[in-house]
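Please read the structure below before turning to the comments.
All residue numbers refer to positions in the sequence shown, counting from 1.
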Amino acid sequence: MPEGDTVWQAARRLHEALAGKALTRSDFRVPKYATVDLSGRRVLNTIPRGKHILTRFEGGLTLHTHLRMEGAWKVFGTGERWRGGPAYQVRAVLGTADRTAVGYRLPVLELLRTTEEERVVGHLGPDLLGPDWDPERALANVLSDPGRELGEALLDQRNLAGIGNVYKSELCFLLGVTPWLPAGALPADLAGRLPGLAKRLLETNRDRPVRQTTGLPRYDLFVYGRAPRPCLRCHTSVRVADQGDGSQERPTYWCPTCQTGPAPAPGSPQRWRDKYPRRTG
């Protein structure tokens, strides 16, 4: 599930594979850009911005992509068999003399002038893994609507950029509060810890192939994906429920003993049990 750390890794792979090289192949398999050919243009760089990826080309063009739930960028060597899904799921191909980047299931793919990048990422709050990180501003954004559920505030990329369902659940567990706690009810000492803890979680994992928040050798995550297994701290059964208005998939995990605050309506946890099976670790 792409979050700020995995998007950062994807952008780094694209940058290392393509930056400074001229494209020998350009193929956009979406109707709007089916006739666009960037062959011959040099790739300048690829950078992440929250969960967005910006690949810049000479001539003032930028490819803006977003992975959302299912998207992925894969990089292959010359002659290497593409692995990432069936051919019909390929949305973009960027090739150089020795590397080919293939974008699978990209729900957002947009070519724009580099001078217009703010149009697609200008709404984002401070980036947890970016040079614009500002912990005071991020916390002020999260607390700006005191009645809003903390989990929803953390997912709002306008407040701070990079947190998804996994880090929302893990961060709330580490703070000892449920994701349904109103942001304004978060104790001052915990609020003060929130920005630094969130940044540390993402920074620790941006270079790791497997996301890890526990520091324990056998267990990667404290609560996310673990329902109905025992909590690693108190052995209470971890629970899972939806959060939000239902317009997006937002499975949310928590321990009812270790975390204080409101819980979702009874019956909600059952909705996710089949779609998001328990983790083995």
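Residue pairs that meet the side chain to side chain donor-acceptor pair (under 3.5 Å) test with at least one member in residues 150-159, sequence neighbours left out, are R148-D156, E152-R250, D156-R158.
Using a cut-off of 4.0 Å between Lys/Arg side-chain N and Asp/Glu carboxylate O, R119 and E110 are scored as salt-bridged. We find that R211 and E170 are not joined by a salt bridge, their nearest charged nitrogen and carboxylate oxygen being 4.0 Å or further apart.
Under the 4.5 Å side-chain heavy-atom criterion for ILVMFWY residues, a single connected hydrophobic cluster contains both L174 and L221. V240 and Y219 fall within the same hydrophobic cluster, where Ile, Leu, Val, Met, Phe, Trp and Tyr residues are linked whenever their side-chain heavy atoms come under 4.5 Å apart, directly or through other members.
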In residues 230-237, what donor-acceptor pairs under 3.5 Å come from side-chain atoms, sequence neighbours left out?
residue	atom	partner	partner atom	Å
T236	OG1	T257	OG1	2.8
S237	OG	P228	O	2.8

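Contacts of T46 classified as side chain to side chain donor-acceptor pair (under 3.5 Å), with partners at least two apart in sequence or in another chain: T55. Partners of D207 according to the side chain to side chain donor-acceptor pair (under 3.5 Å) rule, which considers only residues two or more places apart in sequence or in another chain, are R12. The side chain to side chain donor-acceptor pair (under 3.5 Å) check on R113 picks up nothing, with sequence neighbours excluded. Here E16 pairs with nothing under the salt bridge (Lys or Arg N to Asp or Glu O under 4.0 Å) rule; sequence neighbours left out. The salt bridge (Lys or Arg N to Asp or Glu O under 4.0 Å) check on R91 picks up nothing, with sequence neighbours excluded. By the salt bridge (Lys or Arg N to Asp or Glu O under 4.0 Å) test, E70 is found to be paired with no residue, residues two or more places apart in sequence or in another chain being considered. Under the side chain to side chain donor-acceptor pair (under 3.5 Å) criterion, H52 pairs with H64, sequence neighbours left out. By the salt bridge (Lys or Arg N to Asp or Glu O under 4.0 Å) test, D189 pairs with no residue at all, sequence neighbours left out.
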List the steps, then state whether side chain to side chain contact (heavy atoms under 4.5 Å, CB included) holds for V90 with R105. CA-CA 6 Å; V90 173; R105 302 171 297 280; over 6 Å; no
Start with the C-alpha gap between C172 and T252, add the side-chain angles, then the distance that decides, and say whether side chain to side chain contact (heavy atoms under 4.5 Å, CB included) holds. CA-CA 10 Å; C172 286; T252 303; over 6 Å; no
For T115 and T62, run side chain to side chain contact (heavy atoms under 4.5 Å, CB included): C-alpha distance rounded to whole Å, both residues' side-chain angles, the deciding distance at 0.1 Å, then the answer. CA-CA 9 Å; T115 54; T62 294; over 6 Å; no
With side chain to side chain contact (heavy atoms under 4.5 Å, CB included) as the test, would you mind laying out the steps for F173 and C258 before giving the verdict? CA-CA 7 Å; F173 177 83; C258 293; 3.9 Å; yes
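Counting heavy atoms from C-beta on, the side chains of V121 and R49 come closer than 4.5 Å. Counting heavy atoms from C-beta on, the side chains of W254 and P179 come closer than 4.5 Å.
Under the 4.5 angstrom side-chain criterion for Ile, Leu, Val, Met, Phe, Trp and Tyr, Y88 has no cluster partners at all. Taking Ile, Leu, Val, Met, Phe, Trp and Tyr as members and joining any whose side-chain heavy atoms lie under 4.5 Å apart, directly or through other members, the hydrophobic cluster of V7 also contains L14, L18, L23, F28, V30, Y33, V36, L38, V43, I53, F57, L61, L63, L67, W73, V75, L94, L106, L109, L111.
Tested against T213, the residues L201, V166, V223 include a single side chain to side chain contact (heavy atoms under 4.5 Å, CB included) partner, L201. Y167 pairs in a side chain to side chain contact (heavy atoms under 4.5 Å, CB included) with only one of the listed residues (L197, L155, L154, N205), which is N205.
For the atom pair L171 CG and L202 CG, the distance stands at 9.5 Å (nearest 0.5 Å). Here the straight-line distance linking atom CG of L160 with atom CG of L124 works out to 10.5 Å at 0.5 Å rounding. In this structure, CG on D220 lies 9.5 Å from CZ on R208, to the nearest 0.5 angstrom. The distance from atom CG of N165 to atom OH of Y253, rounded to the nearest 0.5 Å, is 9.0 Å. Rounded to the nearest 0.5 Å, atoms CG (L54) and OG1 (T114) are 9.0 Å apart. Here CG of D27 is found 9.0 Å from CG of D37. Values are rounded to the nearest 0.5 Å.
Without hydrogens or angle criteria, D134 side chain to P126 main chain gives no donor-acceptor distance under 3.5 Å. Remark: side-chain polar atoms of R68 are not paired, donor with acceptor, to backbone N or O of P2 under 3.5 angstrom. Q212 contributes a side-chain N or O that, together with a main-chain N or O of T214, makes up a donor-acceptor pair within less than 3.5 Å. With hydrogens and angles disregarded, no donor-acceptor distance shorter than 3.5 Å links the side chain of K21 to the backbone of R99. With hydrogens and angles disregarded, no donor-acceptor distance shorter than 3.5 Å links the side chain of T100 to the backbone of G95. For R206 (side chain) and T204 (main-chain N/O), no donor-acceptor pair under 3.5 Å exists by modelled atom type. For Q259 (side chain) and C255 (main-chain N/O), a donor-acceptor pair under 3.5 Å exists by modelled atom type. A donor-acceptor contact shorter than 3.5 Å links the side chain of T178 to the backbone of P262. A donor-acceptor contact shorter than 3.5 Å is absent between the side chain of D242 and the backbone of P251.
When only modelled atom types and interatomic distance are considered, E80 and T78 share no side-chain donor-acceptor pair under 3.5 Å.
Considering all non-hydrogen atoms of both residues, L44 and E58 come closest at CG-N, 3.7 Å.
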